[in-house]
Number of protein chains: 2
Amino acid sequence: MKRKITLKQIAKELDVSISTVSKALRNSVEISEDTKQKVQAFAKLYNYRPNNIALSLKNRKTNTIGIIIPEIVHHFFSKVISGVETVANNRGYNVIVGLSNESFSKEVINMEMLANGSIDGFILSISKETLQQQDYHHFNETMSQGMPIVMFDRVIADIKCDKVIVDDYKGSKNAVEKLITNGCKSIALITTKDYVSVGKLRTQGYLEALHEHKMTPKAELILKIDDTLDYEVHLDALELEIEQLFKSNKKIDGVFAVNELYALSAMKVARKLGLDIPNDIQVIGFTDGVLSKHATPSLTTVSQHAQQMGETAANLLIDKLENEFDDEKEEEFQTVVIATELIERESTK
Amino acid sequence: MKRKITLKQIAKELDVSISTVSKALRNSVEISEDTKQKVQAFAKLYNYRPNNIALSLKNRKTNTIGIIIPEIVHHFFSKVISGVETVANNRGYNVIVGLSNESFSKEVINMEMLANGSIDGFILSISKETLQQQDYHHFNETMSQGMPIVMFDRVIADIKCDKVIVDDYKGSKNAVEKLITNGCKSIALITTKDYVSVGKLRTQGYLEALHEHKMTPKAELILKIDDTLDYEVHLDALELEIEQLFKSNKKIDGVFAVNELYALSAMKVARKLGLDIPNDIQVIGFTDGVLSKHATPSLTTVSQHAQQMGETAANLLIDKLENEFDDEKEEEFQTVVIATELIERESTK
DNA sequence: TTGTACGCGTTATCAA
DNA sequence: TTGATAACGCGTACAA
């Protein structure tokens, strides 16, 4: 078990100084051809590679970006990571992953852990608990230390940083309009509590679509789910609530759900009640997931282009990292909006 | 924009030496109470945290583990990461993720990038291309440099390192036995080409189960899919092949598929051909995925306990990292087998 | 053309 | 009780 070879060892072996070796390997004109050849051959033989950590320390730059997400076992987030990773790798960066598990304290701890020199900047999506508590000091502190943050999907308007979001509002509006165009007269909405910003925006899109088509929103058609519950319990409760909704509003002929699971649950309950999809009831979900594609019937959804969100976020962050010259200028932050796309499948006519 | 504060700056501010500050912060008995208090208060005020990179360089230990997987947008792999991350965080480690995208060269490049000091050890699952080319030099080189590797799921018997695998053989055998017990007389197998070790083992389990129940395996009931194709093309081709299989073997009353997608496709085709599940045909898949749970009918599967695999791998790796005292002793490698579990749902009787 | 010295931030050892 | 020094591995300005 031989340790990785260092400049020092090469220098010793070849009986030259460390800096000579360093220069020779970087093909400096200061060094004679002879020495260069000798050193380079030796380095190649022993497969010399500069130590990243030493470089990071010296350059005060790690070439690593940290990504903090609420959950990794989730198609949307893993797709975002995939996008980040692709761009990061192409531009010479590594990606280090932290999971908040939707917990405020884990989010804080993870960020502190990484902020102490391990990374150059963050890409993150805020945990539900943080959104609820509305405690954002850790983001501001991180940035005040000169570490840039790019937020995606779950963002906060008040925080000054780059952001990548989806046009939740417009995407939802389009989806609901699609249902209206398809002839739905009584459209239910299955959404989350309002503190999740995206849930709120998607709800607004729903309302606006109804409004524009002179349809009166009815409170009894809007189901706001408390998604802080344990997953299994949540799912059962969800189905019960949806069943209740359908039973007390027999006229429902369209459902817009703000995520994939809600949409699938709606389809399941509808089937159970003997309703045909899409003839009796049409359903649209909001997501990029695999479930939609393979469901029976397959689910029409608003696609978020998660991969593209990740790529965009990574580019924004790396651009910022590599353009620190404008230190004096007032910092400018961008918010990139990724267009959604309605993917029509079998759950709509 | 204030940079993170360092020992040096604190020392300068308080007009003491760097080493005094360092010792005071670590509560050394060498330092007077007075000085300690002064230094600690100041450090707290400025939120001092030791720089990880400097520590890594000094200690030659990064407290970071690298995980290389073929694909992150995949329920199984993201669950493994989740397991790794949980254990790693609890034991004071960070996780840095590299994706091979099933490509040999990306796997090599990613590993080289991380092996140059960024991490202390690897957890990985081998890419398909690597398995096909059977070129494993990068694993051996990495290990010969003293960097431990723990492989999971897709492993190679010849490589000497710790491994975490699932009892693919037994899991498959159990699944097929379940079908037999449930009365299936003609059981089809949908599997991958043999170079994917897990595909091979699962095929063997299938054969053994038939054998033990004195059923003769028939070549025409075994469908070996070439899964190197592009995903979309692959899926269409897959369904065609399955349809062909069903049409030319009308007696098939049971299907065992080595992954979730194959199983779902089988169900889809069966439905299309007017077969009822589970009455006409019973289906079992092999995986941990979400699809199985939410499919219609929900799919009986062999669960791999991906999360547990990740946790086990992380513990193995960290144990090894923290027990390097037995340098002289012959290194011992373990292979931990995680038991599978048959999760019965609606696709079997 | 080569080598010395320094600094990145930290800790450990030894000297004062 | 405190401080100076060396070392981790590297690159570079400057001296020889």
Side-chain angles (χ1 to χ4, degrees), chain A residues 2-40 42-43 46-64 114-120 145-147, chain B residues 2-40 42-43 46-64 114-120 145-147:
Chain A
K2 49 178 187 202
R3 277 222 161 278
K4 290 227 69 166
I5 198 165
T6 67
L7 288 186
K8 199 189 204 174
Q9 292 166 41
I10 299 182
K12 194 172 171 191
E13 288 296 324
L14 298 182
D15 208 37
V16 289
S17 79
I18 295 178
S19 62
T20 301
V21 177
S22 176
K23 287 171 187 164
L25 289 177
R26 330 196 86 238
N27 240 316
S28 161
V29 285
E30 294 179 38
I31 306 294
S32 72
E33 276 307 317
D34 258 21
T35 318
K36 273 198 245 184
Q37 293 225 341
K38 193 175 58 171
V39 172
Q40 288 175 3
F42 191 90
Y46 282 88
N47 195 29
Y48 170 80
R49 293 278 183 281
N51 180 310
N52 285 334
I53 294 291
L55 287 180
S56 295
L57 183 58
K58 176 144 191 53
N59 303 330
R60 291 153 148 203
K61 175 120 174 50
T62 62
N63 272 267
T64 301
L114 297 184
N116 297 324
S118 302
I119 61 163
D120 297 332
Q145 285 172 167
M147 179 156 306
Chain B
K2 46 176 191 204
R3 278 221 159 278
K4 292 226 69 167
I5 197 165
T6 67
L7 288 185
K8 200 187 203 175
Q9 291 166 42
I10 299 181
K12 196 173 170 187
E13 289 297 325
L14 298 182
D15 206 38
V16 290
S17 76
I18 296 179
S19 49
T20 302
V21 177
S22 175
K23 285 172 188 164
L25 289 176
R26 330 196 85 240
N27 239 318
S28 162
V29 286
E30 297 178 33
I31 306 296
S32 70
E33 276 308 316
D34 259 20
T35 319
K36 274 198 244 183
Q37 293 222 342
K38 195 175 59 174
V39 172
Q40 288 175 3
F42 191 91
Y46 283 88
N47 195 28
Y48 169 81
R49 292 279 183 280
N51 180 311
N52 285 334
I53 295 292
L55 287 180
S56 296
L57 183 60
K58 174 129 194 65
N59 303 331
R60 294 153 147 200
K61 175 120 175 51
T62 61
N63 272 267
T64 301
L114 298 185
N116 297 324
S118 302
I119 61 163
D120 296 332
Q145 284 171 169
M147 180 157 304

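Numbers restart at 1 for each chain; the letters A, B, ... are given by sequence-line order, proteins then strands. Please read all numbers here as calculations on a predicted model, not as lab measurements.
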Side-chain N or O of B:Ser19 closer than 4.0 Å to phosphate OP1/OP2 of D:dG3: no

Under 4.0 Å from OP1 or OP2 of D:dC10: is there any side-chain N or O of A:Arg26 that close? no

For a 4.0 angstrom threshold against heavy atoms of chain B, report the outermost contacting nucleotides of DNA chain C in 5' to 3' order. C:dC8 to C:dC14

Would you say A:Tyr48 reaches D:dC10's phosphate, i.e. side-chain N/O to OP1/OP2 under 4.0 Å? yes

Under the side-chain contact (heavy atoms from CB on, under 4.5 Å) test, which residues partner A:Arg60, sequence neighbours left out? none

Taken to the nearest whole Å, CG/B:Leu25 to C1'/D:dT2 is 15 Å

Taking side-chain contact (heavy atoms from CB on, under 4.5 Å) as the test, write out the residues that go with A:Asn51, two or more places apart. A:Ile53, A:Ala54

Determine whether A:Lys23 and A:Val39 make a side-chain contact, defined as any pair of heavy atoms from C-beta on separated by less than 4.5 Å. no

Base, sugar-phosphate, or nothing for A:Ser32, non-hydrogen atoms under 4.0 angstrom? sugar-phosphate

Taking only residues two or more places apart in sequence, or in another chain, which ones meet A:Lys36 in a side-chain contact (heavy atoms from CB on, under 4.5 Å)? A:Ala24, A:Asn27, A:Ile31, A:Glu33, A:Gln40

Polar pairs (N or O, both sides) under 3.5 Å between protein and nucleotides 6-8 of chain D?
from  : atom 1 : to      : atom 2 : distance (Å)
D:dC8 : OP1    : A:Lys8  : NZ     : 3.3
D:dC8 : OP2    : A:Lys8  : NZ     : 2.7
D:dC8 : O3'    : B:Arg60 : NE     : 3.4
D:dC8 : O2     : B:Lys58 : N      : 3.4

For B:Asn63, check side-chain contact (heavy atoms from CB on, under 4.5 Å) against everything at least two apart and list the hits. B:Lys61, B:Tyr93

Looking only at atom types and distance, does a side-chain atom of A:Asp120 sit under 3.5 Å from a main-chain N or O of A:Thr62, one as donor and one as acceptor? yes

Have a look at B:Ser56 and say if it touches a base, only the backbone sugar-phosphate, or nothing, with a 4.0 Å heavy-atom cut-off. nothing

Dump every N/O contact between nucleotides 14-16 of chain D and the protein below 3.5 Å, one line per pair.
none

Can you give each donor-acceptor pair under 3.5 Å made by side-chain atoms of residues 11-18 of chain B, sequence neighbours left out, with the distance rounded to 0.1 Å?
from    : atom 1 : to      : atom 2 : distance (Å)
B:Ser17 : OG     : B:Ser19 : OG     : 3.3
B:Ser17 : OG     : B:Thr20 : N      : 3.2
B:Ser17 : OG     : B:Thr20 : OG1    : 2.8

Heavy atom of residues 10-18 of chain A under 4.0 Å from DNA chain D: which residues? none

Does CZ in A:Phe42 sit with more than 12 non-hydrogen atoms of other residues, nucleotides or ligands closer than 6.0 Å? yes

Holding to ring pair (Phe, Tyr, Trp, His ring centres under 6.0 Å), I want the full list of residues that pass it with A:Tyr48, two or more places apart in sequence or in another chain. none

Which heavy atom of B:Leu55 sits nearest to which heavy atom of B:Pro50, and what is that distance? CD1-CB, 3.9 Å

Look up atom OG in B:Ser118 and atom CG in A:Asn52, then write down how far apart they are to the nearest 0.5 Å. 3.5 Å

Quick one: salt bridge (charged side-chain N to carboxylate O under 4.0 Å, His left out) partners of A:Lys4, sequence neighbours excluded? none

Axial bend angle, the helix from C:dT1-D:dA16 to C:dA16-D:dT1: five-pair end segments, nearest 10°: 70°

